[in-house]
There are 2 protein chains.
Amino acid sequence: MTAAAPTTSSRALPHPAREDIRLEGVLHALSDPMRLRIVRELAAGADELSCSHFDLPVTKSTTTHHFRVLRESGVIRQVYRGTAKMNGLRRDDLDALFPGLLDSLLAAADRQAARLGVAG
Amino acid sequence: MTAAAPTTSSRALPHPAREDIRLEGVLHALSDPMRLRIVRELAAGADELSCSHFDLPVTKSTTTHHFRVLRESGVIRQVYRGTAKMNGLRRDDLDALFPGLLDSLLAAADRQAARLGVAG
DNA sequence: CGACTCGTACGATAGACCTCGTAGTACGGT
DNA sequence: ACCGTACTACGAGGTCTATCGTACGAGTCG
């Protein structure tokens with residue numbers, strides 16, 4: 001109604017509340033190479049990145065699956081913006097629940113990537 | 001000498017070399033509640049703890065399985081000492097590979113346990 | 001030696017997980 | 001209204017995992 005520009009669109013996606021985020025779930029989400037890669041790009045990139053920004057060596061179905069696992073474990077936040085789905089790390093919640101963990105994890109991933117000769 | 005007391009016994013167990021430890025493997029190992037619990041007890045307890053010290057709500061077969069996963073992912077070191085198998089965290093290797101990660105993980109686990117009202 | 005304890009190996013089972021393909025929905029532009 | 005793009009839902013295949021039970025090897029103590 002008189003709504004001109006609903007840039008942030010209607011469809012809502014189920015996210016776990018902060019207090020429902022479980023460490024085991026986060027670790028499980030990050031234990032998959034594809035998902036770890038997504039999170040690293042998310043941390044290195046802008047605040048929000050669309051799903052299609054990622055060029056993963058899997059089909060789009062699988063990509064969707066991984067993003068959902070990340071969202072349902074509480075690692076990322078997803079919001080529709082038109083046809084695109086924007087993804088962002090839940091830094092605030094993760095830092096509140098597990099101070100320093102996310103940074104250690106990202107640093108560890110960076111270190112390993114450097115050690116294995118994979119471009120960051 | 002003349003080998004009187006072979007406290008540290010014969011049977012050797014395969015461990016991954018430090019440089020073969022993968023972050024994804026570590027995270028996967030720690031993403032299981034039973035294994036996370038083991039690691040927490042290991043970190044809180046003495047340098048080395050026997051398998052039988054742990055009173056887990058699973059059978060002995062399953063316990064063996066979990067310890068093996070932890071060992072093969074590089075999280076713990078296992079050594080036979082008579083009939084007992086002593087377990088210790090590979091703090092040195094993990095700290096060298098991923099500085100600060102183990103402490104962050106343990107702190108996060110402690111925090112969550114406290115938050116959920118589980119005795120540490 | 002015999003018996004007991006500690007832990008292993010192997011097989012089985014049920015569930016979870018990663019991957020894919022196809023078909024379908026939501027949104028934006030022409 | 002139509003089409004293209006972005007993402008999803010559902011189902012299937014193959015692999016991995018957690019769990020168990022039973023049978024077995026290694027070591028210690030009487």
Side-chain angles (χ1 to χ4, degrees), chain A residues 3-15 22 24-39 48-73 75-88, chain B residues 3-15 22 24-39 48-73 75-88:
Chain A
T7 359
T8 322
S9 135
S10 35
R11 252 180 314 181
L13 289 159
H15 290 74
R22 300 279 272 112
E24 297 91 324
V26 172
L27 297 184
H28 172 241
L30 266 35
S31 72
D32 182 277
M34 217 62 70
R35 290 194 291 260
L36 185 56
R37 175 169 162 176
I38 291 174
V39 169
E48 290 192 326
L49 290 175
S50 74
C51 288
S52 55
H53 172 266
F54 296 84
D55 193 24
L56 303 172
V58 291
T59 66
K60 256 195 296 189
S61 296
T62 306
T63 302
T64 295
H65 163 69
H66 285 310
F67 274 105
R68 174 163 40 176
V69 172
L70 286 171
R71 187 188 70 236
E72 291 180 345
S73 67
V75 176
I76 66 171
R77 189 173 297 131
Q78 296 190 294
V79 179
Y80 278 105
R81 244 190 154 193
T83 81
K85 188 153 75 168
M86 306 308 287
N87 305 277
Chain B
T7 0
T8 322
S9 136
S10 35
R11 254 181 311 179
L13 290 159
H15 290 73
R22 301 280 270 114
E24 296 92 323
V26 172
L27 297 184
H28 173 240
L30 265 38
S31 71
D32 183 278
M34 216 64 69
R35 291 194 289 262
L36 185 57
R37 175 169 164 176
I38 292 173
V39 168
E48 289 192 327
L49 290 175
S50 75
C51 288
S52 55
H53 172 267
F54 297 83
D55 193 25
L56 303 173
V58 291
T59 66
K60 257 197 296 192
S61 297
T62 307
T63 303
T64 296
H65 163 69
H66 285 311
F67 274 105
R68 176 164 37 177
V69 172
L70 285 171
R71 188 188 70 238
E72 291 180 345
S73 67
V75 176
I76 67 171
R77 198 178 335 249
Q78 295 189 296
V79 179
Y80 278 104
R81 245 186 154 196
T83 81
K85 188 153 74 169
M86 306 309 287
N87 306 276

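Every chain is numbered from 1, with letters handed out A, B, ... down the list of sequences. Just so it is clear, the values below take in all heavy atoms, side chains as well, and ignore hydrogens, waters and symmetry mates.
For B/Arg71 and C/dG7, the CZ to C1' distance is 12 Å, given to the nearest whole Å. Whole-Å rounding puts the A/Leu70 CG to C/dC18 P distance at 10 Å. For the pair B/Phe67 CZ and D/dT19 P, the interatomic distance rounds to 13 Å; values are reported in whole Å. One interatomic measurement links the two molecules: CG of B/Leu56 to P of D/dA18, which rounds to 14 Å at whole-angstrom precision. Put simply, CG on A/Asp32 is 13 Å from C1' on C/dA16, counting in whole angstrom units. Protein atom CD of B/Glu24 is 18 Å distant from nucleotide atom C1' of D/dT17, rounded to whole Å. Whole-Å rounding puts the A/Arg68 CZ to C/dC18 P distance at 11 Å. Atom C1' of nucleotide C/dC18 and atom CZ of A/Arg37 are separated by 16 Å, given to the nearest angstrom.
A 4.5 Å side-chain heavy-atom check between A/Gln78 and A/Cys51 finds at least one atom pair inside the cut-off. No side-chain heavy atom of A/Glu48 sits less than 4.5 Å from a side-chain heavy atom of A/His53. The closest side-chain heavy-atom distance from A/Pro14 to A/Arg71 is below 4.5 Å.
One side chain, B/Thr59 or B/Thr62, offers a donor N or O that lies under 3.5 Å from an acceptor on the other.
Closest approach to the B/Thr59 side chain among C/dA26, C/dG7, D/dG21 is made by D/dG21 (side chain taken as heavy atoms from C-beta onward). Of all nucleotides listed (D/dA9, D/dC7, C/dG7), D/dC7 comes nearest to the side chain of A/Tyr80. Considering only side-chain atoms of B/Thr62, the nucleotide from C/dG7, D/dC20, D/dA6 that sits closest is D/dC20. Distances were taken from every side-chain heavy atom of B/His28 (C-beta onward) to each of D/dT17, C/dC6, C/dA26; the shortest belongs to D/dT17. When each of D/dT19, C/dC6, C/dC18 is scored by its nearest atom to the side-chain atoms of A/His66, the top-ranked nucleotide is C/dC18.
The residue A/His65 sits close to a base: some heavy atom pair falls under 4.0 Å. Residue contacts shown for A/His53 are absent, as no nucleic acid heavy atom lies under 4.0 Å away. Counting non-hydrogen atoms under 4.0 angstrom, A/Ser61 reaches a base of the nucleic acid. A/Ser52 comes within 4.0 angstrom of the backbone, heavy atoms only, and of no base.
OP1 or OP2 of D/dA18 has at least one side-chain nitrogen or oxygen of B/Arg35 nearer than 4.0 Å.
Atom CG of B/Leu13 is separated from atom CZ of B/Phe67 by 12.5 Å, given to the nearest 0.5 angstrom.
Ranked by how close their nearest DNA chain C nucleotide is to the 5' end, A/Thr83 and A/Pro57 are led by A/Pro57.
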